[in-house]
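Here the structure is laid out as structure tokens; the discussion comes afterwards.
By convention in this document, chain letters (A, B, ...) are assigned in the order of the sequence lines, proteins followed by strands, and residues within each chain are numbered from 1.
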Amino acid sequence: MFALVDCNNFYASCEEVFNPALEKTPLVISSNNDGCIIARSKKAKEIGIKMGDPAFLYKERVERGEIRMLSSNFTLYADMSRRVMQTLESFAPRMEIYSIDEAFFELEEQPDKRLREEAINLRQKVKKWTGIPISIGIGPTKTIAKTANKLAKKQADMGGVSLLISKTQIRTQLEKTAPDEIWGIGHALAERLKSKGIYTAAQLIDCDDSFIQKLLGTPGYRTVLELRGTPCFSCSGEAEKRKSIVCSRSFKQPISNALDLEMAIASFVSRAAEKLRQQKSHAKFLSVFIATSPFTQPYDSRSCRIAPPNSTAFTPELIRLAKERLRQIYRPQLAYKKAGVLLSDFCDEKTEQMDWITPSTENPKKNSLMQTIDQINRRYDKNAVQFAAEGLVNHLMGAQAQASLRFTTSWNELLKVT
DNA sequence: TCTGGGGTCCTAGGACCC
DNA sequence: TCTGGGGTCCTAGGACCC
């Protein structure tokens, strides 16, 4: 049996924990550049604000005080997530953290009544210990647990807990569920299904196996098996290492100047490499990409992939390579709105594969330099020490004008009670 | 005027091999 | 005149997720 725990309106709930007055007004959280809406409170959802809507659509209503808008505060959300996950973990050891606000559990088979009681109990503890409301869905596979969770959120009278266990319970629910509401079936596949006359999840699971595989591919077929009650996904337990690391941003103003672009790329590389070292990996590839706005013509997006001679996590080398290749894809007449870097194809920092010809660039001094910089930045502030190539790029990025304080991670920003 | 950021997995097609 | 069959590896792009 699987359970899915999902925090309700997570970012909005984090803000409300430290400022309960926010609960009175519909609350939305805006993206990095204060560009679009990435989270909404219950009230904001009720008045029809959509996920991903551009923020300017609501500017007037925000000014009139009908809607409250805050810039995203990921430092706060990440720390609140850690607290919720720790609380959950103390109740069920076989847990997989699936996203910042979701976790799966593998449960022992037990009577439905007991499952429900335990879920209700867990829900109360998380609310009491962290202030965050959660919903819990339980079912024989992860995909059914996901469906149960949606049901729990929709129907308030079920107390935030929903079980889909028996064949008839599951069947009845799937008859009421459109394919694109199923975890693993998105917009494109739902359209494909519609064109074949399939409008409910129940119709989908009745289809012939080879038909499904051909129409939806292997991932879609697995989803259908899961809906029929055959588990295809288990709980991975240990937190797995990332297979790729991206750092990218949209700019406040489009950039045409090569130097500004270089500094931005250098700072993205620096961030990404720091994450890479955190998980004790080295990367074999570094990609750099730059793009103009997709909302104005002509749209231009270019990228290039670079293989350092040996896999590495040494920021200065990665910055040097990135800057070199950036020059080749950059076109001075264009106005770039977004840029980023991607690190990929990782190996363990200790078991690095050398090639026969290139001399090893391994140098203990480089490692200790990186370690020292990371330690200083962890201890003091993110940018206490940075590379000269990064310049002063903050003015290129979004303002984050309306962000709340880092209540739980910064001594200077503790909540004041008066 | 103004439209996010960070991930995973799979597949088709090209280049290459014998 | 007639022009095979079976592989591997890589990559870009598409699909999905939050």
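What separates NZ of A:Lys284 from C1' of C:dT11 is a distance of 16 Å, to the nearest Å. When the P atom of C:dC18 is taken as reference, atom CD1 of A:Ile185 falls 13 Å away, rounded to whole Å. Distance CD (A:Gln279) to C1' (B:dG7): 12 Å, rounded to an integer number of Å. What separates CG of A:Leu4 from P of C:dC17 is a distance of 14 Å, to the nearest Å. A straight line from CG of A:Leu342 to P of C:dA12 spans 11 Å, rounded to a whole angstrom. Regarding A:Asp345, its CG atom lies at a distance of 13 Å from the P atom of B:dC9, rounded to whole Å. Nucleotide C:dG13 holds its C1' atom 15 Å from the CZ atom of A:Phe289, rounded to whole Å. Note: NZ (A:Lys150) to C1' (C:dC17) measures 11 Å, nearest angstrom.
Atom CH2 of residue A:Trp183 and atom OG1 of residue A:Thr147 lie 10.0 Å apart, to the nearest 0.5 angstrom. Note that OG of A:Ser41 and CD1 of A:Ile49 are 7.5 Å apart. Values are rounded to the nearest 0.5 Å. For the atom pair OG1 of A:Thr312 and CD of A:Glu349, the computed distance is 11.0 Å after rounding to the nearest 0.5 Å.
Using a 4.0 Å heavy-atom cutoff across all strands shown, A:Arg192 reaches sugar-phosphate atoms only and no base atom. Note on A:Lys146: only backbone sugar-phosphate atoms sit closer than 4.0 angstrom, heavy atoms only; bases stay farther off. Residue contacts for A:Leu57: at a heavy-atom cut-off of 4.0 Å it reaches no nucleic acid atom on any strand shown. A:Ile97 comes within 4.0 angstrom of no nucleic acid atom, judged by non-hydrogen atoms across all strands.
Side-chain proximity of A:Thr218 to B:dC9, C:dC18, B:dT11: nearest is B:dT11. If you check C:dA15, C:dC18, B:dT11 against the side chain of A:Leu189, the one that comes closest is C:dA15.
Residue A:Arg305 places none of its side-chain N or O atoms closer than 4.0 Å to OP1 or OP2 of C:dC10. Checking the phosphate oxygens (OP1, OP2) of B:dC10, a side-chain nitrogen or oxygen of A:Arg222 falls inside 4.0 Å. Of the side-chain N and O atoms in A:Lys214, none sit less than 4.0 angstrom from OP1 or OP2 of B:dT11.
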Pairwise N/O distances under 3.5 Å, protein to nucleotides 1-5 of chain B:
| from | atom 1 | to | atom 2 | distance (Å) |
| --- | --- | --- | --- | --- |
| B:dT3 | OP1 | A:Lys337 | NZ | 3.2 |
| B:dG4 | O4' | A:Ser31 | OG | 3.0 |
| B:dG5 | OP1 | A:Ser250 | N | 2.8 |
| B:dG5 | OP2 | A:Ser250 | N | 3.2 |
| B:dG5 | OP2 | A:Ser250 | OG | 2.9 |
| B:dG5 | O3' | A:Arg249 | NH1 | 3.4 |

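C:dC18 and B:dT3 have their P atoms separated by 25 Å, given to the nearest Å.
Base pairing of B:dC18 is made with C:dG5, judged by Watson-Crick or G-U wobble geometry with both donor-acceptor distances under 3.5 Å.
The environment of CD in A:Glu63 is crowded: more than 12 heavy-atom neighbours from other residues, nucleotides or ligands sit within 6.0 Å.
Side-chain atoms of A:Ile67 and A:Ile47, non-hydrogen and from C-beta on, do get closer than 4.5 Å to each other.
Of the residues listed (A:Lys59, A:Lys43, A:Arg61, A:Lys24), the one engaging A:Glu66 in a salt bridge (Lys or Arg N to Asp or Glu O under 4.0 Å) is A:Arg61, and it is the only one.
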Evaluate ring-ring contact (aromatic ring centres under 6.0 Å, His included) for A:Phe2 paired with A:Phe233, printing each intermediate quantity in order. CA-CA 10 Å; A:Phe2 292 87; A:Phe233 312 118; 9.4 Å; no
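Taking the six-membered ring for Trp, A:Phe407 and A:Phe18 have ring centres closer than 6.0 Å.
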